[in-house]
Amino acid sequence: MPSPQYITTAIDYPNAAPHMGHVLEKVLADVCARWFRLRGDKVRFQIGTDEHGVKVQRTAEVEGVTPKELVDRIVPLYKDLYKRLDISYDKFVRTTDQKEHWPTVIELWKKLDAAGKLEKQSYTGLYCSGCERFVTKKDLEDGKCVNHKKAPEEVSEENYFFLLSQDNENLKKLLTKKWDGEEYRIVPSFREKETLSLIDQGLDDVSFSRPKSSLSWGIPVPDDDEQTMYVWCDALTNYISGLDYFGLNNGEVACHERPRIGGGVEWWDDAEVTHVIGKDIARFHALIWPAMLKHAGVRIPNRLLIHGFLTSEGEKMSKSVGNVVVPDKVLEKFGGNCDPLRFYLSHEVPVGRDGDFSWDRIVKLYDSKLRNDLGNLLNRVLVLLNKEGGKLSDFGKDPKLLGKTWDEYKEALNNFRLEEGIGLALELTTACNQLIDIKKPWALEGEEKVQILSQLAEALRHISLLLLPFIPRTSERMLKQLGLKVPQTLEGKTEWGAEKGWKKVGESEILFEPII
RNA sequence: CGCGGGGUGGAGCAGCCCGGUAGCUCGCGAGGCUCAUAACCUCGAGGUCGCAGGUUCAAAUCCUGCCCCCGCAACCA
């Protein structure tokens with residue numbers, strides 16, 4: 001029986017405009033969400049922004065605005081981009097939302113405190129008075145601050161710490177066997193090994209708060225005026241605050257984006273929970289988050305889906321190198337159509353691995369796969385059919401086009417091997433182009449001609465469905481041209497000739513225009 | 001001896017877990033077709049599978065050592 005699926009991405013840090021790394025994650029999660037819906041699961045898909053912290057505070061200072069003004073200006077850039085990428089999210093959480101987010105965070109903090117898992121300890125670090133913050137080895141050159149050319153001084157401050165070090169063994173069990181009957185799977189598996197070796201090196205307690213004097217832009221620690229919550233309790237909690245998990249808003253969490261989805265506890269306790277995140281924050285999601293939930297008496301999520309990073313033309317993206325790819329430019333290149341980019345990311349970046357964004361490659365892929373193979377196939381079949389009046393004949397038996405495609409496809413997507421799924425759609429496309437060349441329908445007449453073309457149209461229907469999670473906009477256009485409606489689920493649609501009432505195709509139009 | 005990933009024809013990758021003719025995409029060369037978006041189809045050239053040992057009848061695939069590249073390295077989201 002399908003269980004409800006709750007899928008989330010990491011929440012983005014809005015101190016700058018979104019880049020391709022953000023896009024990779026959202027597209028990955030969106031393909032999963034769309035696949036879950038197609039296979040018939042109830043789905044809730046949540047994204048959001050992590051808006052507190054010193055970086056935002058400082059960026060705002062530099063720009064001479066309040067932190068709130070800064071994030072209010074930048075967050076819409078993210079929301080707007082994801083709309084244009086057809087990211088089908090149901091809920092967007094903002095950590096600055098004092099009505100929807102804060103109460104859950106404060107409640108979780110109190111539960112951890114009540115469980116005796118929070119303790120004041122002194123934190124000693126290297127503090128640069130120029131930067132007005134703690135610095136790390138990375139920030140130093142010859143023991144001096146890169147920015148201010150002076151040695152930082154050792155400073156101690158009181159913080160609340162989350163006693164993670166006590167959970168070494170439990171967390172190890174959680175990832176290998178079970179912790180109180182619960183297990184947490186990490187995809188891909190090599191990340192699991194990495195996490196386990198981290199645990200073996202020993203876990204330290206985690207600083208969960210900062211004195212107000214060094215961090216003011218955040219959620220206040222309950223019952224302590226002098227402390228502000230540090231990122232972990234604030235940001236990670238978004239996954240349950242967006243559900244109003246503790247019922248502090250009487251379940252009245254607005255789900256503005258897609259009202260058909262309700263809020264509430266059933267999306268956590270009774271659902272399969274998947275967190276899609278980047279490899280940089282894997283350790284926090286694999287260790288701190290489950291420990292927090294456990295000690296607060298909340299069940300642990302089912303799996304972590306960890307993606308890699310994107311390089312740009314083979315090099316690490318960085319502002320100083322100036323090779324940061326702005327998603328808007330890519331959308332612009334393809335006339336505002338997000339599908340070439342979605343296709344590129346799904347096809348070129350195997351889930352879990354690092355990938356590369358290359359302009360040359362996205363253009364080549366667009367031309368060869370989308371335009372020449374797919375778009376041209378649809379066009380030639382429809383043009384030939386419409387010359388005969390557009391009527392379809394019996395689809396007969398599968399002329400060995402589909403074969404085991406659907407079985408393999410379902411198996412691949414259910415195991416998050418998305419690139420394999422999209423590859424199967426392309427293989428079917430190639431098979432159609434081969435068949436059309438062998439059968440030469442343009443040289444045939446009457447029923448025999450229509451029969452071949454009808455089978456090709458049927459194959460194209462399957463191709464549209466196979467592509468639906470990846471490039472939904474294109475699939476919808478294909479189905480429309482074929483004279484079909486877009487199905488909500490795949491149920492009853494994957495057999496050869498499943499559309500019994502399908503008698504006629506629509507008008508053909510160019511699917512992918514040449515790019516300038 | 002910090003941790004992890006990778007090194008396969010010009011480029012980008014799959015194959016490695018479960019050893020047995022080295023595969024895909026792009027590019028290149030030749031041919032075919034003409035329904036179609038100068039698109040499509042077929043064939044071909046091109047590789048000591050990072051290096052060195054070992055196991056085996058047989059290794060890209062297992063084992064050992066080494067070299068090179070890329071991330072991460074603790075609160076830096």
Side-chain angles (χ1 to χ4, degrees), chain A residues 10-15 49-56 95 123 125 133-139 159 161-162 164 188-198 200-208 210 230-232 234-236 277-285 287-288 308-309 311 314-316 347-350 352-356 358 360-361 363-365 367-388 419-420 423 426-427 429-430 432-444 449 452-453 456 508-514:
Chain A
I11 49 178
D12 300 318
Y13 199 70
N15 72 332
T49 38
D50 166 25
E51 306 179 23
H52 293 129
V54 177
K55 267 193 191 169
V56 161
T95 57
Y123 169 77
R133 68 180 180 103
F134 284 95
V135 293
T136 58
K137 275 184 283 176
K138 221 182 209 172
D139 299 316
N159 292 179
F161 275 74
F162 177 56
L164 188 69
S189 55
F190 70 83
R191 292 284 172 215
E192 197 162 282
K193 278 194 275 175
E194 195 174 24
T195 308
L196 285 170
S197 96
L198 256 176
D200 284 335
Q201 291 164 41
L203 301 175
D204 290 337
D205 294 336
V206 189
S207 168
F208 254 37
R210 288 292 147 85
Y230 190 57
V231 60
W232 312 123
D234 179 355
L236 290 166
I277 58 163
K279 62 181 183 179
D280 54 332
I281 52 174
R283 61 179 59 191
F284 312 118
H285 282 74
L287 305 173
I288 302 176
F309 280 175
T311 51
E315 286 184 65
K316 187 177 175 175
H347 185 266
E348 293 295 287
V349 187
R353 304 285 195 133
D354 288 341
D356 182 49
S358 147
D360 182 52
R361 218 166 149 66
V363 169
K364 281 216 173 92
L365 203 65
D367 275 335
S368 70
K369 294 294 160 197
L370 292 180
R371 224 160 70 77
N372 298 346
D373 288 354
L374 181 64
N376 184 45
L377 172 68
L378 178 70
N379 195 237
R380 63 202 299 213
V381 170
L382 288 181
V383 166
L384 280 168
L385 261 173
N386 278 319
K387 280 180 184 168
E388 303 299 312
E419 66 285 354
E420 213 172 296
L426 295 180
E427 276 176 32
T429 306
T430 300
C432 287
N433 274 320
Q434 287 169 336
L435 187 76
I436 204 170
D437 229 68
I438 292 166
K439 297 286 187 181
K440 302 192 195 317
W442 56 87
L444 300 173
K449 179 176 184 179
I452 300 290
L453 292 169
L456 286 161
S508 69
E509 61 178 65
I510 300 297
L511 211 48
F512 298 102
E513 297 288 348

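Reminder, nothing fancy here: chain letters follow the sequence lines and each chain counts from 1.
The residue F309(A) sits apart from the nucleic acid: no heavy atom pair falls under 4.0 Å. Nucleic acid contact for V383(A): sugar-phosphate only, since backbone atoms but no base atoms lie under 4.0 Å from a heavy atom of the residue. Across all strands, L365(A) comes closer than 4.0 Å to no nucleic acid atom at all (heavy-atom distances). Residue G202(A) is in base contact, counting any heavy-atom pair closer than 4.0 Å across all strands shown. In this structure, D12(A) reaches neither bases nor backbone, as no heavy-atom distance under 4.0 Å exists between it and the strands shown. Using a 4.0 Å heavy-atom distance criterion, I11(A) is classed as a base contact. Residue G375(A) is classed as a base contact, given a heavy-atom separation below 4.0 Å to a base. At the heavy-atom level, N386(A) lies nowhere under 4.0 Å from the strands shown.
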Worked verdict on D373(A) versus T429(A) for side-chain hydrogen bond (donor to acceptor under 3.5 Å, both in side chains): CA-CA 7 Å; D373(A) 288 354; T429(A) 306; over 6 Å; no
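In this structure, K440(A) places its NZ atom 10 Å from C1' of U34(B), rounding to the nearest Å. Going from atom CD1 of I510(A) over to atom P of A38(B) covers 8 Å, rounded to whole Å. The distance between atom CG of N376(A) and atom P of A38(B), rounded to the nearest whole Å, is 8 Å. In this structure, E513(A) places its CD atom 15 Å from P of A39(B), rounding to the nearest Å. The distance between atom CG of N372(A) and atom P of U25(B), rounded to the nearest whole Å, is 14 Å. D367(A) places its CG atom 12 Å from the C1' atom of A38(B), with the value rounded to the nearest Å. Protein atom CG of L370(A) is 12 Å distant from nucleotide atom P of C26(B), rounded to whole Å. Rounded to an integer number of Å, the gap from CG of L453(A) to P of A36(B) is 12 Å.
Here the closest heavy-atom approach between residue G308(A) and residue D354(A) is recorded as CA-OD1, 3.3 Å. Taking every heavy atom of both residues into account, N372(A) and N376(A) meet most closely at O-CB, 2.8 Å. The two atoms that bring D50(A) and Y13(A) nearest to each other are O-CD1, 3.0 Å, heavy atoms only. Across every non-hydrogen atom of G352(A) and R191(A), the tightest pair is O-NH2, 4.3 Å.
Within the structure, a side-chain polar atom (N or O) of Q434(A) is placed less than 4.0 Å from OP1 or OP2 of U42(B). Residue K55(A) places at least one side-chain N or O closer than 4.0 Å to OP1 or OP2 of A77(B).
For N433(A), counting side-chain heavy atoms from C-beta on, the closest listed nucleotide (C72(B), C40(B), A77(B)) is C40(B). Among A36(B), A77(B), U37(B), the nucleotide with an atom closest to any side-chain atom of L511(A) is U37(B). Minimum atom distance to the side chain of K316(A) is reached by G71(B), of the listed G71(B), A74(B), C41(B). Ranking A77(B), C72(B), C35(B) by closeness to the I436(A) side chain, first place goes to C35(B). Closest to the side chain of W442(A), from the set C35(B), C26(B), A77(B), is C35(B). Closest approach to the K387(A) side chain among C26(B), C75(B), A36(B) is made by A36(B) (side chain taken as heavy atoms from C-beta onward). Which of C35(B), C41(B), G71(B) sits closest to the side chain of T430(A) comes down to C41(B).
In this structure, L374(A) and I438(A) both approach RNA chain B, and ranking their closest nucleotides by distance from the 5' end singles out L374(A). Residues F161(A) and K369(A) both approach RNA chain B. Their nearest nucleotides, taken by heavy-atom distance, put K369(A) toward the 5′ side.
No side-chain heavy atom of L426(A) sits under 4.5 Å from any side-chain heavy atom of T430(A). Between N159(A) and R210(A) there is a side-chain heavy-atom pair separated by less than 4.5 Å. The side-chain heavy atoms of L378(A) and S508(A), taken from C-beta on, include no pair separated by under 4.5 Å. For the pair D280(A) and F309(A), the minimum side-chain heavy-atom distance is below 4.5 Å.
For the strand RNA chain B, secondary-structure stems (runs of at least three Watson-Crick or G-U pairs, all distances below 3.5 Å) span B:2-7 with B:67-72, B:10-13 with B:23-26, B:28-32 with B:40-44, B:50-54 with B:62-66.
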Annotated protein contacts, base or backbone, on nucleotides 3-12 of chain B with a non-hydrogen cut-off under 4.0 Å, one of B, S, - each: SSSS-----S
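A donor-acceptor contact shorter than 3.5 Å is absent between the side chain of D12(A) and the backbone of T49(A).
Comparing the P positions of C43(B) and G53(B) gives an interatomic distance of 39 Å, to the nearest angstrom.
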